[in-house]
Amino acid sequence: MVETFTPAVCGSRTRQRLAIVLFAGGAVLASAALGAALGFAGGLVGTRPALIVAATLAFLAALREAGVLSVPVPQSRRQVPERWQYELPLPLWSAGYGAGLGVGFLTFQPVATFWVACAAALALGRPLLAAACFALYGAGRAFMATWPRRREASGPAAVERLVGRASLVPRANAVVLGLAVILLAVAPAAGAAVTSLGRGFDPAADGRTLARARMSSGTIRVVVNPAGDPADTFSPANAPALSGDYLAYADDEGIKVVDWRTNHVERQLDGAFSHPALDWPFLAYIAHDGDYDRLVLADLSEPSNPTSRRIASVRNAYDLGRPSLRGGQLAWHRIGRHGSAVFVQNVTTNKRRAIKKTDVWQESNPALTTKRIVWVEQRPQGSYLRMRWLGSARTKTLMHVKGRKTFLWTTALSGRTAYVTKWTPSTRKAVVLRVNF
Amino acid sequence: MRRPDGFLDGAARALSTRLASGMTRRSFLGRMGGAMLAATGGAAVAAAVRPEKSEAFHFCGHIWTTGSCPNPLGLPRIDKNGYPLRPSDGHPIDNLGRAVNGEGWAVDGSGNRLRAPDGELLPRAPRTRICEEWTNEHYGLHAVMEGAWYRCCGGQVRKLVDCCSHSKKRINGDASLTGYCFNGRRVFCVMYYDSGLKC
C-alpha cells in the first residue's frame with residue numbers, strides 16, 4: 001500500500017492524500033462491519049461457547065507464534081487487485097482497497113491473531129461493542145499504509161526496512177496472545193457482564209427503555225429511563241411494568257396504565273390490586289381478596305368493557321409475587337412453606353407448565369420474553385439469577401450473590417439483557433443490576 | 001401406632017444419665033478406630049480419634065462415619081419433627097438459613113419481620129424437613145426419619161437420628177449401614193435433636 005499511495009500513482013499530492021483518507025475510511029468501516037456481524041452472531045450462538053473457542057484459539061496461536069506448534073493459518077493468498085487502479089476512479093479503488101484489507105480474510109494473514117480477534121468479537125456478543133473494537137483493526141491497516149514513510153521519502157525502502165525487523169513480530173505476538181489467553185480464561189462468568197445501574201428496585205424493561213421504582217423520603221416513585229431521552233418520574237407509584245409507550249404501576253387506589261411519554265392515563269383499575277404486568281392490551285395483576293390472593297389477567301382493549309379472568313388463586317399464606325407477561329405467556333411464582341415453583345401459562349391455550357418446582361429452595365420473581373425466562377433461586381449459600389430458553393429444560397446461571405445478608409429479588413428481561421434487584425435488608429440498600437449474557 | 005423412636009424418646013428421659021456414662025456407639029467406634037490405627041503404628045493419628053475427641057470429626061455424639069444430611073447451615077440440627085434449627089442456638093430457621101418466628105416469617109435479630117425494598121413483608125420461604133424433603137430432593141430417594149440413639153452433649157441429652165432409605169449407598173458415596181433403620185432400610189445420612197434434658 002505504501003508503494004501504491006504515491007503522487008506518481010495517484011496523480012498529485014492532493015489526490016494522494018485523498019486516496020489515503022478514503023483507504024483509511026474503507027478499512028475502518030469494513031472492519032467495523034465485520035466486528036458488528038461477528039458480535040451479532042455471537043449474540044445468537046451464545047457468548048460462553050465463543051469465549052471457550054477464543055481462549056483455545058489464542059492458546060494455539062500463541063504456541064504457533066512461539067514456534068512450538070506448526071499450524072497453517074486460514075487465509076486467502078491474494079493482494080488487492082492492481083487493475084482497479086487503472087479501471088476505476090481514485091475514490092472507488094482507494095476505498096475498495098481499504099475495505100478489502102479491512103475485512104481481513106481476503107488477503108494474507110502472516111499471524112494467527114486475526115482469527116483470535118474474530119472469536120473474541122463473537123464472545124462479546126454485542127454488535128456495537130464488537131464493531132468499535134474491530135474498527136481498530138482497520139485503523140491499524142490504515143496506519144501501516146502511512147507510518148513506514150514517516151522518516152523515509154521512498155515508500156518501498158521504508159517497507160523493506162520494516163520487513164527486516166519482522167522477526168520480532170512473532171515473539172511479541174506470542175506474548176500478547178499468552179496474555180489474551182489469561183484474560184479470556186478469567187473473564188467474569190464466562191460472558192455474563194454485570195453492571196450496577198444505581199439505586200432502585202422492581203425493574204421493568206421493554207426494548208432499551210428501563211423503568212424502576214425508587215424510595216425517596218418515604219415515598220415510592222417510578223422512574224422511566226428511555227434510551228437517549230430524559231427520565232420521566234411518576235409519584236406516588238410502585239411496581240412498574242412496561243409495554244412500549246405504556247406504563248402500568250400500582251398506587252394507593254389500585255393500578256393505573258399511562259402513556260409515559262404524555263402522562264395520559266389510559267386505564268385505571270381501582271381496588272386492592274398490586275404487582276401489575278403489562279403486555280398491552282393485556283394486564284396481569286394480583287388481586288387481594290380477603291384470605292386469598294388471586295392472579296388475574298385482564299384485557300383492556302375495550303375501555304368501556306374490560307374483561308378479566310382468574311389464572312391462579314392461593315390462600316394468603318402463599319405468595320404469588322410479581323408476574324411477568326410477554327407474547328401471550330404469563331409467568332409467576334408461588335411460594336409456600338412446603339416449597340416453591342415458577343409457572344408459565346400460555347394465555348391463549350391456558351396450557352400451564354412448571355419451569356422449576358422444588359420442596360427446598362425459593363424460586364421467585366420470574367421475568368420473560370417470547371424466548372427466554374429468568375428468575376431468582378435463593379439458597380442458604382446465596383441467590384442465583386437463573387435463565388432458561390422457554391423450549392428447553394437446561395438452566396443457565398447468569399450471576400449469583402453469595403451469603404444471606406444480600407440477595408437478589410425482582411427481575412426484568414429484554415432481549416439478551418436481564419435486570420435484577422440486589423437488596424440488603426440490614427442497610428435498606430437496593431440497586432438494579434444489568435446482566436448482559 | 002407409636003413410632004419406634006418415640007419409645008426411645010421416652011426411655012431417654014429415664015436413661016439419660018446411664019447412656020451418658022456407659023459404653024456408647026460413639027465411644028465404642030472411637031475406641032475401635034483408635035485401636036486399629038494404633039496397630040498400624042500411627043500413634044499420633046490414633047490420639048486424634050480417642051472417644052473424648054471424636055466430636056471434632058463430625059458433631060458431638062457422632063464420629064466420622066455416615067455424613068450429615070443436607071441442611072441450611074452446615075450442621076443437621078433439627079426439631080422433634082425434623083425441621084431445621086440454627087445449630088448455634090436452636091432457633092428455628094427456614095430453608096434459606098434465616099431465623100423465622102413461630103409462623104415461619106423471616107425475622108431480623110430483633111424479631112422484626114424482614115421487608116422487601118418496597119416495604120412489603122417478605123414472603124415465607126419454604127421450611128421443610130431435612131430428611132423427608134431435603135434429602136429426597138437432593139438425592140432422589142424416599143428417605144424417612146427412623147432410627148435414633150442418644151448421647152450426652154454439652155450437658156444435655158442429644159438424640160441422634162438416622163435418615164433411612166433403601167439406597168445401598170450412603171451420603172458419603174460408599175456402602176450404607178443398617179444402623180438403627182428397619183424394614184430393610186439403611187442409614188443414608190444423620191441428623192440430631194438436642195432435647196434440653198440434662199444429663
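These values consider heavy atoms only, across backbone and side chains, with no hydrogens, waters or symmetry-generated copies.
- Under the 3.5 Å distance criterion, the side-chain polar atoms of B:Asn136 are matched with a main-chain donor or acceptor of B:Glu132.
- Only the backbone of B:Glu103 comes within contact range of chain A, with heavy atoms under 4.5 Å apart.
- Interface summary for chain B: among A:Arg337, A:Met215, A:Arg214, A:Arg404, the most heavy-atom pairs under 4.5 angstrom belong to A:Arg337.
- Side-chain polar atoms of A:Ser274 and A:His288 form a donor-acceptor pair below 3.5 angstrom.
- Residue B:Glu137 touches chain A through its side chain alone, counting heavy-atom pairs closer than 4.5 Å.
- Heavy atoms closer than 4.5 Å to chain B are found in both the backbone and the side chain of A:Thr358.
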Derivation and outcome, salt bridge (charged side-chain N to carboxylate O under 4.0 Å, His left out), residues B:Arg124 and A:Asp319: CA-CA 8 Å; B:Arg124 274 189 285 211; A:Asp319 185 79; over 6 Å; no
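- A side-chain donor-acceptor contact under 3.5 Å links A:Ser383 to the backbone of A:Leu408.
- Listed for the A:Arg388 side chain is no donor-acceptor partner under 3.5 Å among the backbone atoms of A:Trp375.
- Here the two cysteines B:Cys199 and B:Cys152 have their SG atoms closer than 2.5 angstrom.
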Trace of the side-chain contact (heavy atoms from CB on, under 4.5 Å) decision for B:Arg185 with B:Val144: CA-CA 9 Å; B:Arg185 282 186 275 265; B:Val144 290; 3.5 Å; yes
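- Contact count against chain A (heavy-atom pairs under 4.5 Å) is highest for B:Leu96 among B:Leu73, B:Leu96, B:Asn95, B:Asn71.
- Interface residue A:Ala317: backbone and side-chain heavy atoms are both found under 4.5 Å from chain B.
- For the pair A:Arg352 (side chain) and A:Ile311 (backbone), a donor-acceptor distance under 3.5 Å is present.
- Contact annotation for A:Phe407: only side-chain heavy atoms (C-beta onward) come within less than 4.5 Å of a heavy atom of chain B.
- Residue contact with chain B, scored on non-hydrogen atoms closer than 4.5 Å, involves the backbone of A:Arg379 exclusively.
- Contacts of B:Ile93 with chain A are absent, with no heavy-atom separation under 4.5 Å from either backbone or side chain.
- For B:Asp118, the parts lying under 4.5 angstrom from a heavy atom of chain A are both the backbone and the side chain.
- For A:Ala213, no part lies near chain B; criterion is any non-hydrogen pair under 4.5 Å.
- Heavy-atom pairs under 4.5 Å with chain A peak, among B:Pro123, B:Gly97, B:Pro117, at B:Pro117.
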